[in-house]
Novice: 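Following this message is one structure expressed as structure tokens.
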Amino acid sequence: MIWWVLIPLLWFLTFRYRRRRMYQLAARVPSVRELPLIGAAYKFMGNTEDIMSSLKELSYFAIENGGLMKAWLGPILYFISVDPVDLEMVMRTCLEKDDLHRFTRPVIGYGTIFAPVSIWRQRRKILQPAFKPKIVESFVPVFARQSMKLARKLGEAGGREVKLRPYIGSYTLDTTCETTLGVKINAQDDAVSPFLVELGRVTQVVTERIFRLWLQPAWLFRCSPQYRQQRTSCEVLHGFTDHVIMKKREELKTQQKNPKADRTIDLSDYDSKSFLELLIHFSGTEGGYSNEELREEILTLIIGSTDSTASTIGYALDLLAKYPHIQDKVHAELDEVFGDSDRLLQKEDLMQLKYLDCVIKETLRLFPPAPFLIRKVEEEVTLPSGYVLPAGSGIAASVWGTQRNPKYWGPDADAFNPDRFLPERVALKHPCAFMAFSIGPRNCIGHQYAMMSIKSALSSVLRFHLVKGTVEAGNKPHIRVKIDVMMKAVNGHELTLERRRLRRAQQDL
Ligand code: HEM
């Protein structure tokens, strides 16, 4: 009988002894109140809004305690950092993503964003040339046409309070599918586009799996309704992508393209090609990516791009509604660039919209769509702050906290003030203090694409509309947020649009 007690006790003592260095190093780092056995896991109960509130609270705790805090989730040790000096080192040295990302595997397999480093290196190399500025710029006509359509759709719904998120999500899905797959899925015309619906559902399942511990073991998950939902969603997403890939392969074969890998496309003679075509080409055509690898990369781009870009557009409109004097400045700049013309936007216009650029960066600073980036610590890391991260722990870069850290952004760090990013004023105290697109070798490969798409959408909507909501009393904006893989607004950006002018282009589109 005594063995029933002795064996677990021995196992526990050996387990603690093997990890003694981890406990020693962790003990030096501040933490919030922790409970026996579960540590700080109690902070992550509740719905996705409650979880996001806890993550914000922990970030503020790290700000007040020198930039780093720890949280035990049962036997698993995580650190949260809000210090760009430390994070610069972390994001350069810890390249492996946390195990939690494995729940995205049924959907995107080993797609670049969450792939293990051994696979990621090659994938990133193949992806890199597809994101050259010249190629990304060639997508501006797609952004211009689709964003004009968004402005018209919002105009049709205007005059009353509407949830903007579904409209914006359809815009980003249309632009992403057109630039990634080379196909028009017309999500803006079809509110129940199966691709859009299943994308939303599968994102929800992945989030639930991350935060609902009982859904994590594979055998328990297989008994859940969420598993059946995931299978249905993946069938739709994979089926559609596979079909487009096969068609593109056949098309390329009949065009008898050069079957060898060639990363040196003639950019001066470049007309808009989809990322799919580019990846087939850059990976080596017939001897390159398999259809499955192509699907993984293409779905990664679609998922990585759609929600993050849509959230940023939504937050920016919300913030402009809260601060009408800032919206006035955006309107003034748009009028200066477009005058009375109802023409489509061109890439030269994007360069001139400097104040809008500041508004987008300030939006991304206060409301980063990816507020936490989690990496594995595989080998001990000594941080510039002096703390040592033990091997076997995880480190969360709190983008939310870093970008609101008064040490780097001043006492008004929580205030919405796009002027901070004016070219003559922007002297960041540390280059990594702004990290909405991450930093280091695994940073966002699509950040220029994202800026262009966001700017196109905001400029087209705001050229024709005033956006109205509850005006914020102070300079700190309040938007209720939840964590749903990305950070999203709880109310889906309920705002009212009033038409500024009636444009021929809007009626014609
Ligand atoms: C506002 C929009 C966007 C934001 C805020 C954003 C943010 C990020 C962040 C923070 C990461 C690093 C994730 C991590 O370390 O876990 C990332 C990676 C990535 N993003 Fe974005 N992203 C945006 C738009 C896009 C777009 C438009 C694309 C593609 C068209 C894209 C493609 C990717 C890819 C492929 C990676 C993985 C890079 C790698 O691991 O090498 N993103 N993004």
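All ligand and atom numbering here is 1-based and tracks the order in the structure. All values below come from the heavy atoms of this structure, side chains included, with hydrogens, waters and symmetry mates left out.
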Novice: Counting heavy atoms only, which part of Thr312 comes closer than 4.0 Å to ligand 1: side chain, backbone, both or neither?
Specialist: side chain

Novice: Given side-chain contact (heavy atoms from CB on, under 4.5 Å), test Leu356 with Ser459 step by step and report yes or no.
Specialist: CA-CA 8 Å; Leu356 186 56; Ser459 65; 4.0 Å; yes

Novice: Side chains of Asp414 and Tyr60: is there a donor and an acceptor less than 3.5 Å apart?
Specialist: yes

Novice: Give me the atom names and distance for the closest heavy-atom approach of Phe131 to Gly446.
Specialist: CE2-CA, 3.8 Å

Novice: Would you check, one step at a time, whether the test ring pair (Phe, Tyr, Trp, His ring centres under 6.0 Å) holds for Phe143 with Tyr449?
Specialist: CA-CA 10 Å; Phe143 301 146; Tyr449 174 114; 5.1 Å; yes

Novice: Is there a ring pair (Phe, Tyr, Trp, His ring centres under 6.0 Å) between Phe103 and Phe114? Walk through the geometry before answering.
Specialist: CA-CA 10 Å; Phe103 300 126; Phe114 300 134; over 10 Å; no

Novice: Could you say whether the N/O atoms of Trp120 and ligand 1 ever approach to under 3.5 Å?
Specialist: yes

Novice: Considering only the protein, which heavy-atom contact is closest to atom 8 (C) of ligand 1, and what is its distance?
Specialist: Cys444 CB, 3.5 Å

Novice: Hey, is Leu373 touching ligand 1 through its side chain, its backbone, both or neither, going by heavy atoms under 4.0 Å?
Specialist: side chain

Novice: With backbone taken as N, CA, C and O and side chain as the heavy atoms from C-beta onward, which portion of Ser308 lies under 4.0 Å from ligand 1: side chain, backbone, both, or neither?
Specialist: both

Novice: Which bit of Lys97 is near ligand 1, meaning a heavy atom under 4.0 Å away: side chain, backbone, both or neither?
Specialist: side chain

Novice: Please indicate whether any nitrogen or oxygen in Asn443 is less than 3.5 Å from any nitrogen or oxygen in ligand 1.
Specialist: no

Novice: Just checking: His447, one of its N/O/S atoms, less than 2.8 Å away from atom 21 (Fe) of ligand 1, yes or no?
Specialist: no

Novice: Examine Arg442 against ligand 1 and note whether any of their N/O atoms are separated by less than 3.5 Å.
Specialist: yes

Novice: Distance only, no hydrogens: is a donor on one side chain within 3.5 Å (strictly under) of an acceptor on the other, for Ser305 and Thr176?
Specialist: yes

Novice: Decide yes or no on ring pair (Phe, Tyr, Trp, His ring centres under 6.0 Å) for Phe421 and Phe434, but give the supporting numbers first.
Specialist: CA-CA 11 Å; Phe421 286 99; Phe434 180 80; 5.6 Å; yes

Novice: Would you say the side-chain atoms of Ser233 and Glu198 include a donor-acceptor pair closer than 3.5 Å?
Specialist: yes

Novice: Which of the numbered atoms in ligand 1 are below 4.0 angstrom from a heavy atom of Ser438?
Specialist: 10 (C), 12 (C)

Novice: Suppose I only count heavy atoms of Ala436 and a 4.0 Å limit; which atoms of ligand 1 are within that range?
Specialist: 5 (C), 7 (C), 10 (C)

Novice: Assess Arg295 against Tyr110: is NZ or CZ under 6.0 Å from the centre of the six-membered ring, and within 45 degrees of the ring's axis?
Specialist: no

Novice: Give the C-alpha distance, both sets of side-chain angles, the deciding distance and a yes or no for side-chain contact (heavy atoms from CB on, under 4.5 Å) between Ser393 and Phe79.
Specialist: CA-CA 8 Å; Ser393 61; Phe79 294 91; 3.6 Å; yes

Novice: Between Asn405 and Val82, which heavy-atom pair has the shortest distance, and what is it?
Specialist: ND2-O, 3.0 Å

Novice: May I ask you to list the atoms of ligand 1 that are less than 4.0 angstrom from any heavy atom of Gly304?
Specialist: 24 (C), 25 (C), 42 (N)

Novice: Which of the atoms in ligand 1, numbered in the order shown and given with their element, are less than 4.0 Å from a heavy-atom of Ser305?
Specialist: 26 (C), 27 (C), 28 (C), 29 (C), 30 (C)

Novice: For ligand 1, which part of Ile454 has a heavy atom less than 4.0 Å away: the side chain, the backbone, both, or neither?
Specialist: side chain

Novice: Residue-level breakdown please: for Phe131 versus ligand 1, do any non-hydrogen atoms fall below 4.0 Å on the side chain, on the backbone, on both, or on neither?
Specialist: side chain

Novice: Identify, by atom number and element, the atoms of ligand 1 in contact range of Arg124, meaning under 4.0 Å from any of its heavy atoms.
Specialist: 38 (C), 39 (C), 41 (O)

Novice: List every atom of ligand 1 that sits less than 4.0 Å from any heavy atom of Ile445, numbering the atoms from 1 in the order shown and giving each element.
Specialist: 34 (C), 35 (C)

